[in-house]
Amino acid sequence: MLNIVLFGPPGAGKGTQAQRMTDATGLPQVSTGDMLRAAVKAQTEVGLEAKKYMDAGALVPDQVIIDLIKERVKHADAQNGVMFDGFPRTVPQAEALAEIVEVSIVLAIDVPDERIVERICGRYSCGNCGDVFHDTFNPLPKAGCGCSTFLEKRRADDNEETVTARLEAYHRQTSPLADYYQNAGLLTVVDGDRDIDLITEDLLKALN
Ligand code: ADP
Ligand code: ADP
């Protein structure tokens, strides 16, 4: 079992790196943000509750997230472990995770606040395959995205106002987790303010 936690502020590049590391590790990417957006789209009970928090850039209540994860790790593709992207985001979530699976390593992607707004406000993805791009830093290549039918999607919460609230939530509720995992001897920090390929190299090195 290899259970990886990708940790960092919104826009740090967790999803981008998770997609790349999925090929290298064979582990599925488990993004609580993606799961919540799917629930919002499907208008499930969880989605209806989560939407108000997401729109405001606030964290969704811990128990909602923990219940989602408990179900997700039961899937067949999670048998050898998973790559958690955007989870845990609070100390209670981390404590709950410890009861569900054994975390092998926490890879923190370090990006200064002043980079975050430009990263998030330029983000778009393919609505079909989920590949993530950036207007300036990582545009859609000529060869296209992972699927043959690129469909541009931009997230409703990727605007300057919500980003400020999300960064605030990160510093207040999520960043204390760095100490939590440092104390557990699980934390590896990688400089995320560099070329995407160099970051992937360092993250994969940390796994070996
Ligand atoms: P997160 O999952 O941590 O919120 P994403 O992977 O979605 O972050 O990345 C946020 C935005 O920044 C995306 O538009 C992505 O293309 C871009 N991006 C990711 N990594 C880098 C990087 N190292 N340098 C510049 N832009 C990046
Ligand atoms: P980003 O990495 O850009 O912050 P995510 O897709 O991870 O975006 O999350 C989008 C939103 O979903 C968050 O702002 C929050 O409202 C909610 N969310 C995602 N993961 C969690 C979590 N583990 N705990 C609480 N809320 C979450």
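As the structure lists them, so they are numbered: ligands from 1, and atoms in each ligand from 1. Every heavy atom of this structure was used, including side-chain atoms; hydrogens, water molecules and symmetry mates were not.
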Backbone N/O of Gly8 and side chain of Lys14: donor-acceptor pair under 3.5 Å: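 Checked: pair present.
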Donor-acceptor check, side chain of Asn3 to backbone of Glu102, threshold 3.5 angstrom: yes or no?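 Indeed, once roles are kept as given, a pair shorter than 3.5 Å links the two residues.
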With a sphere of 6.0 Å drawn around CG of Asp34, does it hold more than 12 non-hydrogen atoms of other residues, nucleotides or ligands?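 It does: Asp34 CG has more than 12 such atoms within range.
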NZ of Lys41: more than 12 outside heavy atoms within 6.0 angstrom?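 Open: at most 12 neighbouring heavy atoms sit under 6.0 Å from NZ of Lys41.
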Heavy-atom contacts with ligand 1 below 4.0 Å: which residues, ordered by chain and residue number?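 Residues within 4.0 Å of ligand 1: Pro9, Pro10, Gly11, Ala12, Gly13, Lys14, Gly15, Thr16, Arg119, Arg123, Val132, Phe133, His134, Phe137, Asn138, Gly192, Arg194, Ile196, Ile199.
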Taking it one step at a time, do Arg20 and Asp197 satisfy salt bridge (Lys or Arg N to Asp or Glu O under 4.0 Å)? CA-CA 9 Å; Arg20 292 163 157 242; Asp197 289 336; 2.8 Å; yes
Under 30°, 30 to 60°, or over 60°: which ring-plane class applies to Phe7 and Tyr170, parallel, tilted or perpendicular?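 Tilted: the ring planes of Phe7 and Tyr170 meet at 30° to 60°.
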Does a donor on one side chain sit under 3.5 Å from an acceptor on the other, for Thr149 and Asn128?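 Looking only at side-chain atoms, Asn128 and Thr149 do form a donor-acceptor pair, the distance falling under 3.5 Å.
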May I ask you to check whether Asn159 and Thr162 show a side-chain donor-acceptor distance below 3.5 Å?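 Asn159 vs Thr162: donor-acceptor pair found between side chains.
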Have a look at ligand 2 and work out which part of Leu59, if any, has a heavy atom under 4.0 Å from it: side chain, backbone, both or neither.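 Both parts.
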Provide the number and element of each atom of ligand 2 under 4.0 Å from a heavy atom of [X].
| X | result |
| --- | --- |
| Arg37 | 6 (O), 10 (C) |
| Leu36 | 12 (O), 17 (C), 18 (N), 19 (C), 27 (C) |
| Ala58 | 15 (C), 16 (O) |
| Gln93 | 22 (C), 23 (N), 24 (N), 25 (C) |

Can you confirm, on distance only, whether ligand 2 has an N/O atom lying under 3.5 Å from any N/O atom belonging to Tyr53?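 The answer is no, given that Tyr53 and ligand 2 share no N or O pair closer than 3.5 Å.
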Does an N or O from Thr32, backbone or side chain, lie closer than 3.5 Å to an N or O of ligand 2?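 By distance alone, the answer is yes.
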Side chain to side chain donor-acceptor pair (under 3.5 Å) with Gln19: which residues, sequence neighbours excluded?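 Not a single residue meets the side chain to side chain donor-acceptor pair (under 3.5 Å) criterion with Gln19.
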